[in-house]
Amino acid sequence: MPGLAGRMSTVVKSKISRMLDRAEDPGETLDYGYQKQVELLQNVKKGIADVVTSKKRLQMQTSKLEQQVVKLDTQARQALSQGREDLARMALERKTLAQTEMQSLDQQVKELEGQQEQLIANEQRLRQKIEQFRTKKEVIKAQYSAAEAQVRISEAANGVGEEMADLGLAMQRAEDKTETMRARASAVEELEKAGAFDDITTLGSGQDDIERQLSELTSGAQVDDELAKMKAEIGPGGGDSPALEQGEEKS
Amino acid sequence: MIVRISGEGQFKLPDEDAERLNELDNRAVAAVEQGDETGFKELWSQMLEIVASDGNALSDDELVESQVILPPRDISFQEAKAEFNGDGLIPD
């Protein structure tokens with residue numbers, strides 16, 4: 001059978017049959033096989049715990065960014081009502097970047113959640129199969145001759161083996177994805193450290209450089225749009241109404 | 001026939017479905033070779049649909065091997081390139 005899943009199950013099967021060949025007493029093989037299965041189940045638990053940890057880290061970052069988005073939005077409004085369009089623009093640039101990062105993290109948290117659920121379901125299924133194997137092995141030990149036992153052991157072991165191989169594949173995929181997300185989380189942390197999401201009241205002397213980088217990172221058009229909308233909402237500072245901005249629809 | 005969807009478990013399907021699945025698989029392989037992502041996604045969802053409509057989930061206490069192992073439901077086109085190649089699901 002071609003394909004990744006097929007290849008994996010072939011590898012597991014050959015491992016199982018080597019294991020079965022080595023032992024002289026089928027009863028011993030069965031006990032050993034069972035012990036191996038239980039060990040694997042422990043690894044699965046660790047793998048699931050890893051996914052949960054990564055997810056928590058991303059969730060924490062998301063909520064931090066969420067707070068910053070609210071704060072920067074408020075600051076932009078304040079700046080604008082005081083006629084400081086330059087500061088408002090600065091805050092909106094930061095807000096746009098924080099928002100983009102937040103949405104991307106949010107999406108990844110959702111994906112991780114799906115994977116976590118799937119792994120838990122897989123783990124439960126494997127647990128049931130291992131339990132079934134345990135019952136079966138006692139029956140086989142008690143009822144069959146050595147030759148016949150070999151055949152039945154290999155059937156049962158291959159059934160469990162396929163389940164294990166499949167879980168191994170699911171774990172691998174989850175790990176790969178978690179790895180990508182770790183990199184993403186670190187990148188966001190770097191931005192944080194550089195002060196990209198800081199609110200504008202905390203700007204120090206070194207902020208010019210950050211500001212220049214931010215302008216490059218965030219889309220100018222998006223910031224312009226938002227600034228215009230905000231102006232329309234807050235209303236004109238002077239007496240005459242800005243005809244151009246009134247034409248804009250609220251979305 | 002026993003079919004596994006990777007990550008979801010095993011399903012019992014009527015033997016006649018083997019031919020339909022194999023046919024779709026061959027077309028999926030062709031789609032992947034031509035870099036036709038839309039075509040592949042369509043064929044892949046048809047394959048999953050066959051398992052969903054004709055298959056009965058195998059009980060957890062049955063220890064049997066699958067004749068066909070399908071990749072994970074959410075397989076990406078990139079992953080499919082490694083998966084959908086060669087002679088089809090069921091070797092002759």
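What you see is a predicted model, and the numbers here were worked out from it, not measured in a lab. Residue numbers begin at 1 in each chain, while the letters A, B, ... track the order of the sequences.
Residue pairs meeting the ring pair (Phe, Tyr, Trp, His ring centres under 6.0 Å) criterion with at least one member in residues 48-80 of chain B, sequence neighbours excluded: B/Phe40-B/Phe77.
Residues satisfying the side chain to side chain contact (heavy atoms under 4.5 Å, CB included) test with A/Gln107, not counting sequence neighbours, are A/Glu111. Remark: A/Lys55 engages A/Gln59, A/Val109, A/Leu112, A/Glu113, A/Gln116 in a side chain to side chain contact (heavy atoms under 4.5 Å, CB included) (not counting sequence neighbours).
Environment of NZ in A/Lys71: sparse, with no more than 12 heavy atoms of neighbouring residues, nucleotides or ligands closer than 6.0 Å.
Residues of residues 122-129 of chain A that come closer than 4.5 Å to chain B, counting heavy atoms only, are A/Asn122, A/Arg125, A/Gln128, A/Lys129, ordered by residue number.
Using a distance-only test at 3.5 Å, with no hydrogens or angles considered, no donor-acceptor pair links the side chain of B/Gln10 to the main chain of B/Arg4. In this structure, the side chain of A/Asp166 does not engage the main chain of B/Ser6 through any donor-acceptor pair within 3.5 Å. A donor-acceptor distance shorter than 3.5 angstrom exists from the side chain of B/Trp44 to the backbone of B/Arg73, with no hydrogens or angles considered.
A/Glu163 touches chain B through backbone and side chain together, each having a heavy atom under 4.5 Å away. If you measure heavy-atom distances from B/Glu62 to chain A, the contacts under 4.5 Å come from the backbone alone.
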